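Only one structure is covered here, and it is reproduced in the block below.
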Amino acid sequence: MLVGVVAERASGGSSSAVPAAATMAAPTGRTTTVAVTAEGMRFQPSQITVPAGDRLIIELSNHDTRRHDLVLATGAKSGAVGAGGTVRFDAGVISGPVSGWCSLPGHRQAGMTLSISTGAHPGGHAAPTAAASPQAARIDFMAAPGPGFQAHDATAPVPPTGRVHRLDLRVQEVQREVAPGVRQQLWTFNGTAPGPVLRGRVGDTFEITLSNDGSVDHGVDFHAGALAPDGPMRPIEPGERLTYRFTATKAGIWMYHCSTMPMLLHIGNGMYGAVIIDPPGLAPVDREYVLVQSELYLGPPDEPGDLAKMQAERPDAVVFNGHATQYAHHALTARAGDRVRFWVLDAGPSRSSSFHVVGGQFDTVYAEGRWLLRPADPGGAQVLQLHPAGGGFVETVLPEAGHYPFVSHAMVDAERGARGVIEVSAR
């Protein structure tokens, strides 16, 4: 763990270049050296006291399995420190309070901060603080998507015939429209949020090659597999790859997502997808769709999402398949009398779903591995209720031509984007 503060009462101080800092206190000519450890999304110690006017040298040791850095509000920076590494850097002459943080995406908001203080000193003042991010653009939920927009294809993949399924899954940072006229930098699997839908049967083996083409560390967690997470779910640095192999032993629609902390940020910024493992004997249907519900927490345009909003659970939108109201303008289709199956996954990261088709009734409900309703049963269902990471499917026969809206019946979420339309034509 951490070693303590070492005061070096050496005259003349360090010869390193000093960034701009608060300089109201007269330099003492002394140097204080502090050892700081980065581990578990925290700096230890997280508070440092330095005699006013002393030059501060920080020895930053990374005891974590991931990269970290330390940036001070004065402009001093440690640079990236890899797992097990140590760096010594000059924080300058300290004459007032200074804040510090890890600058990797989401680490500061997750609690990786540090504060430097001094004893009372005449004329001292606080170091400048980082500027607040501008507010995200307001979403017009009645507007159509922008020019050239292509809706996410909600058609379920056809059940494969083989028993071993291989997929190259690449982490990619992309700019996407996520609501009408609103763009966001997303962290994705294979360039889309949600990522590709995988499908198989109980007993099938999946071999996933994960490659990190992003700028920060990422990993992946497949809920469809049961195995120790230590190796296959470990974060990998940009340019690295790993192989994740699992055998599906249980049926359902399962979530996969980035396994790197803070997971709230990585999932909330687009790193999620679905794996369908068909229940044995699942009957064919006329139409089959996959809808993944998730939340948007907008940051500045073309930048990643806002972790502070995620932590406060203040979504700007709730969406199906990554874009607010896309299926209100690019409707799903069916014919009157078709049996339609909707696979639904609630990717969250935090809000529940209550999936409902307006004008339709469900005669089949399968949720979290259980048959809750079958066509021969006398009752019917109006919603598929799911908690975050929960999944299932419902089936309905839409009786006549027309337009059937689908929503999350948590109406505040329907109003902020969790809705679409099924356009049913006559036979």
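Quantities reported herein were computed from a predicted structural model and do not represent experimental measurements.
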State, yes or no, whether a side-chain contact exists between [X] and [Y] at a heavy-atom distance under 4.5 Å.
| X | Y | answer |
| --- | --- | --- |
| D346 | H387 | no |
| C258 | I267 | no |
| Y256 | L198 | yes |
| Q326 | N321 | yes |
| R108 | L307 | no |
| H63 | H68 | no |
| M310 | Q109 | no |
| Q385 | H409 | no |

Look only at the side chain of [X] and the backbone of [Y], and say whether a donor-acceptor pair between them is shorter than 3.5 Å.
| X | Y | value |
| --- | --- | --- |
| N190 | D168 | yes |
| E207 | L167 | no |
| D90 | I57 | no |
| R287 | T155 | no |
| D221 | S259 | no |
| Q44 | E39 | no |
| N62 | R66 | yes |

Measure the [atom1]-[atom2] distance between [X] and [Y] for me, rounded to the nearest 0.5 Å.
| X | Y | atom1 | atom2 | answer |
| --- | --- | --- | --- | --- |
| R341 | E288 | CZ | CD | 4.5 Å |
| F406 | Y289 | CZ | OH | 9.5 Å |
| L398 | R339 | CG | CZ | 10.5 Å |
| N212 | E240 | CG | CD | 8.0 Å |

- request: Let me see the working for H323 and H152 under ring pair (Phe, Tyr, Trp, His ring centres under 6.0 Å), right down to the final yes or no.
  value: CA-CA 8 Å; H323 188 285; H152 186 98; over 10 Å; no
query: Run the ring pair (Phe, Tyr, Trp, His ring centres under 6.0 Å) check on F149 and H329 step by step: do they pass?
result: CA-CA 11 Å; F149 174 79; H329 302 277; 9.1 Å; no
For a quick test of reading the model, state the closest non-hydrogen atom pair linking [X] to [Y] and the distance between them.
| X | Y | result |
| --- | --- | --- |
| P180 | I139 | CD-CG2, 4.4 Å |
| V216 | R67 | CA-NH2, 3.5 Å |
| R199 | A156 | NH1-CB, 4.0 Å |
| A35 | P45 | O-CD, 3.6 Å |
| C102 | H107 | SG-ND1, 3.5 Å |

Distance-only donor-acceptor check, side chains [X] and [Y], under 3.5 Å:
| X | Y | result |
| --- | --- | --- |
| T209 | R166 | no |
| D217 | T260 | no |
| T205 | T247 | yes |
| S353 | Q293 | yes |

message: Could you walk me through whether T33 and E59 satisfy the side-chain contact (heavy atoms from CB on, under 4.5 Å) test, starting with their C-alpha distance in whole Å, then the side-chain angles of each, then the deciding distance to 0.1 Å, before giving a yes or no?
response: CA-CA 7 Å; T33 300; E59 292 180 349; 3.9 Å; yes
Kindly check if the number of other-residue, nucleotide or ligand heavy atoms within 6.0 Å of [atom1] ([X]) is above 12?
| X | atom1 | value |
| --- | --- | --- |
| R241 | CZ | no |
| Q311 | CD | yes |
| E237 | CD | yes |

query: Do the rings of H218 and W187 sit parallel, tilted or perpendicular, given the 30° and 60° boundaries?
result: perpendicular
How about [X] and [Y]: are their ring centroids closer than 6.0 Å?
| X | Y | answer |
| --- | --- | --- |
| F355 | F342 | yes |
| F222 | Y244 | yes |
| F393 | W371 | yes |

query: Is any NZ, NE, NH1 or NH2 atom of the basic residue among R427 and D338 found under 4.0 Å from an Asp or Glu carboxylate oxygen of the other?
result: yes
